[in-house]
Amino acid sequence: VWDHDITPSPPVTGKMLLNLRSAPLIVGDKVIQAVTGSAAPGGNFIVGLDIATGKELWRFHTIARPGEPGGDSWNGLPLAKRSGGSVWHQGTYDSALNLVYFGVGQTYDTGPLLKPSGIPGTTREALYTDSTIALDPDTGKLAWHYQHLANDQWDLDWAFERSLATIKVGGRPHRVVMNIGKMGILDALDAKTGAYLFSTDAGTQNVILAIDPKTGAKTTDPQRWPDKTRSTLICPSASGARSWPWTSVDPRTEQLYVPLTQWCMTFGPPAGSGFQLLSSGVGLTPTDHPDAVASGKMGALQAMDLKGRKLGWRQDLVAPISTSVLATAGGLLFAGDLNPALTAFDNR
């Protein structure tokens with residue numbers, strides 16, 4: 001019927017090429033599609049197309065532009081030197097609020113953000129990386145954003161699905177949008193405003209020391225920052241304590257069920273020390289998670305109590321879960337793993 005070429009501006013070639021890694025999201029008469037690309041100058045974007053003709057109606061850039069809100073958060077870098085902000089997962093639509101939610105990934109070019117530039121008025125948060133963004137699907141305008149982790153130096157981004165649920169907050173039903181990043185930390189936000197509500201840490205990471213209970217701002221361990229002169233254990237690995245397999249919410253139990261993998265990586269000096277993924281100069285080497293070594297179990301299914309804002313039960317597994325988790329009205333959860341096995345769990 002139609003074939004729309006999503007054209008980057010300026011044009012890109014080679015390793016700067018952009019890709020489509022997620023399904024399009026249909027909202028009314030719009031087809032909404034996000035792109036990924038690790039090195040394209042100016043970063044990635046989301047487009048809204050006319051469902052009848054394929055004509056591009058709007059475009060939202062996931063890297064803040066100079067002179068616009070958030071534009072001073074890139075340590076003084078010009079737009080051509082800013083990259084990343086890939087959107088790997090399909091968006092989520094809330095019909096009552098008429099908002100679409102997307103998760104934005106990190107930048108692999110972390111070196112220029114490692115130390116302050118000293119340029120007055122600039123910061124290093126690198127918006128809109130590691131953020132949830134809420135867009136008006138009709139116009140592509142930003143309704144709100146929330147950055148889960150500023151200046152991600154570990155490739156531990158918050159790129160996965162955004163889950164919607166109605167739970168009680170302060171004794172009243174509250175519409176929330178939730179996301180769990182690679183570190184296995186749940187952040188719950190007000191779906192209408194983006195206001196921070198609460199976090200729950202699955203306990204598989206060693207990068208975050210504290211989370212502010214009012215803002216959700218995360219304090220990182222200075223000993224875990226990239227250092228070309230020494231080796232540092234980082235948990236989880238860049239593949240994430242949680243990754244592509246989707247979580248599942250049971251609205252009756254008010255629990256979120258999360259597939260987890262226990263593994264780590266070692267940040268080390270560049271000489272023969274692993275994969276050179278990030279531009280900070282450290283190599284990434286796969287490393288066993290201490291808990292997985294002690295238990296002999298690398299996978300887990302973790303329940304998170306949304307009502308109590310705490311961890312629920314946890315079922316440790318020999319092998320990591322390789323499928324999305326499926327919650328059912330019959331009180332059973334289903335998940336497949338790399339054993340391989342398909343397993344049913346009691347949701348209680």
Side-chain angles (χ1 to χ4, degrees), residues 25 27 32 46 60-64 68-73 85 87 89 91-106 123-152 156-202 208-220 242 247 249 251 254-256 258 304-311:
L25 176 67
V27 177
I32 303 175
I46 303 167
F60 178 83
H61 293 279
T62 57
I63 297 296
E68 298 181 1
D72 58 358
S73 67
V87 180
H89 261 253
T92 302
Y93 176 56
D94 189 312
S95 58
L97 297 174
N98 193 37
L99 291 175
V100 291
Y101 309 93
F102 285 91
V104 183
Q106 87 301 2
T123 64
R124 294 182 292 155
E125 285 90 351
L127 288 171
Y128 295 97
T129 63
D130 284 39
S131 296
T132 295
I133 56 173
L135 303 178
D136 182 326
D138 297 317
T139 65
K141 298 295 184 182
L142 181 69
W144 57 259
H145 77 276
Y146 180 85
Q147 190 171 42
H148 301 275
L149 182 64
N151 195 355
D152 178 1
L156 294 176
D157 47 4
W158 298 67
F160 307 118
E161 82 281 357
R162 268 57 187 165
S163 299
L164 290 164
T166 300
I167 63 176
K168 287 186 177 179
V169 179
R172 295 184 301 171
H174 207 90
R175 192 65 167 167
V176 299
V177 58
M178 301 172 291
N179 175 47
I180 301 178
K182 286 183 179 179
M183 283 188 276
I185 298 174
L186 164 73
D187 276 354
L189 311 172
D190 183 291
K192 183 177 181 179
T193 66
Y196 172 77
L197 297 174
F198 63 90
S199 296
T200 304
D201 187 351
I208 304 300
L209 293 178
I211 301 176
D212 188 295
K214 293 184 179 181
T215 67
K218 296 167 182 69
T219 301
T220 58
R242 71 133 320 191
T247 61
V249 177
E254 293 190 305
Q255 291 198 104
L256 178 71
V258 187
M304 291 185 173
D305 180 357
L306 301 177
K307 183 178 181 180
R309 305 185 184 185
K310 61 184 179 180
L311 293 178

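Numbers here are sequence positions counted from 1.
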Enquirer: How would you list, by chain and number, every residue that makes a side-chain hydrogen bond (donor to acceptor under 3.5 Å, both in side chains) with Asp305, sequence neighbours excluded?
Expert: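 Once residues adjacent in sequence are excluded, Asp305 has no partner under the side-chain hydrogen bond (donor to acceptor under 3.5 Å, both in side chains) criterion.
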Enquirer: Measure across Pro69 and Ala64 and return the closest heavy-atom pair with its distance rounded to 0.1 Å.
Expert: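 Scanning both residues, the minimum pair turns out to be O-CB, 3.8 Å.
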Enquirer: Would you check, one step at a time, whether the test side-chain contact (heavy atoms from CB on, under 4.5 Å) holds for Val87 with Ile46?
Expert: CA-CA 8 Å; Val87 180; Ile46 303 167; 4.2 Å; yes
Enquirer: Between Gly194 and Tyr146, what is the shortest heavy-atom contact and its length?
Expert: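 Nearest heavy atoms, Gly194 then Tyr146: O-CD1, 3.9 Å.
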Enquirer: So do the side chains of Ile180 and Met304 get within less than 4.5 Å of each other, counting heavy atoms only?
Expert: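 Yes, their side chains come closer than 4.5 Å.
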Enquirer: Which of these passes side-chain contact (heavy atoms from CB on, under 4.5 Å) with Val177: Thr92, Leu164, Leu99?
Expert: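 Of Thr92, Leu164, Leu99, side-chain contact (heavy atoms from CB on, under 4.5 Å) with Val177 is met by Leu164 alone.
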Enquirer: Answer whether the closest heavy-atom distance between the side chains of Met183 and Asp157 falls below 4.5 Å.
Expert: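 The answer is no, as the side chains (C-beta and beyond) never meet within the 4.5 Å cut-off.
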Enquirer: Using side-chain contact (heavy atoms from CB on, under 4.5 Å), reason through Ile208 and Leu149 one step at a time and then give a plain yes or no.
Expert: CA-CA 10 Å; Ile208 304 300; Leu149 182 64; 4.0 Å; yes
Enquirer: Can you measure from CG (Leu186) to CG (Leu306) and round to the nearest 0.5 angstrom?
Expert: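 One finds 6.5 Å between CG of Leu186 and CG of Leu306.
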Enquirer: Among all residues two or more places apart in sequence or in another chain, which pass the side chain to side chain contact (heavy atoms under 4.5 Å, CB included) test with Ser199?
Expert: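 Result, side chain to side chain contact (heavy atoms under 4.5 Å, CB included) vs Ser199: Ile185, Asp187, Tyr196, Ile211.
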Enquirer: Identify the two heavy atoms, one from Phe160 and one from Lys182, that lie closest to each other, and give their separation to 0.1 Å.
Expert: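 That closest heavy-atom pairing would be CE1-CG, 3.7 Å.
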Enquirer: Using the side chain to side chain contact (heavy atoms under 4.5 Å, CB included) criterion, which residues pair with Asp190? Sequence neighbours excluded.
Expert: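 Counting only residues at least two positions away or on another chain, Asp190 forms a side chain to side chain contact (heavy atoms under 4.5 Å, CB included) with His174, Lys192, Thr193, Ala195.
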Enquirer: Looking only at atom types and distance, does a side-chain atom of Asp152 sit under 3.5 Å from a main-chain N or O of Leu156, one as donor and one as acceptor?
Expert: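 Here the side-chain-to-backbone pair exists.
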Enquirer: Looking only at atom types and distance, does a side-chain atom of Gln147 sit under 3.5 Å from a main-chain N or O of Thr129, one as donor and one as acceptor?
Expert: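 It does hold such a pair.
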Enquirer: Using side chain to side chain contact (heavy atoms under 4.5 Å, CB included) as the criterion, list what pairs up with Thr123, not counting sequence neighbours.
Expert: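 Partners of Thr123 by the side chain to side chain contact (heavy atoms under 4.5 Å, CB included) criterion, ordered by chain and then number, come out as Ser73, Glu125.
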Enquirer: Check the pair Asn98 / Asp138 against side-chain hydrogen bond (donor to acceptor under 3.5 Å, both in side chains), numbers first and verdict last.
Expert: CA-CA 9 Å; Asn98 193 37; Asp138 297 317; 3.2 Å; yes
Enquirer: Scan for side chain to side chain donor-acceptor pair (under 3.5 Å) pairs involving residues 158-167, sequence neighbours excluded, and state none if there are none.
Expert: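 For residues 158-167, and leaving out neighbouring residues, the side chain to side chain donor-acceptor pair (under 3.5 Å) pairs sorted by first residue read Thr132-Arg162, Glu161-Arg242, Glu161-Thr247, Arg162-Asn179, Thr166-Arg175.
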Enquirer: What are the two closest heavy atoms between Gly85 and Thr62, and how far apart are they?
Expert: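 Between these two residues, the closest heavy atoms are O-OG1, 2.7 Å.
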Enquirer: Taking ring pair (Phe, Tyr, Trp, His ring centres under 6.0 Å) as the test, write out the residues that go with Tyr128, two or more places apart.
Expert: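 Scan of Tyr128 (ring pair (Phe, Tyr, Trp, His ring centres under 6.0 Å), adjacent residues dropped) gives Phe60, His145.
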Enquirer: Locate the shortest heavy-atom distance separating Pro137 from Tyr93; write the atom from each residue and the value.
Expert: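 Answer, listing the atom of Pro137 first, then Tyr93: CG-CE1, 4.1 Å.
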Enquirer: Distance check, rounded to the nearest 0.5 Å: Leu97 atom CG versus Asp136 atom CG?
Expert: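 Reported to 0.5 Å precision, the distance equals 11.5 Å.
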Enquirer: Measure the spacing between CG of Asn151 and CG of Asp130 and express it to the nearest 0.5 Å.
Expert: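 Reported to 0.5 Å precision, the distance equals 9.5 Å.
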Enquirer: Are Leu189 and Leu197 packed together at the side-chain level, in the sense that at least one heavy-atom pair is separated by less than 4.5 angstrom?
Expert: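 Not touching, per the 4.5 Å side-chain cut-off.
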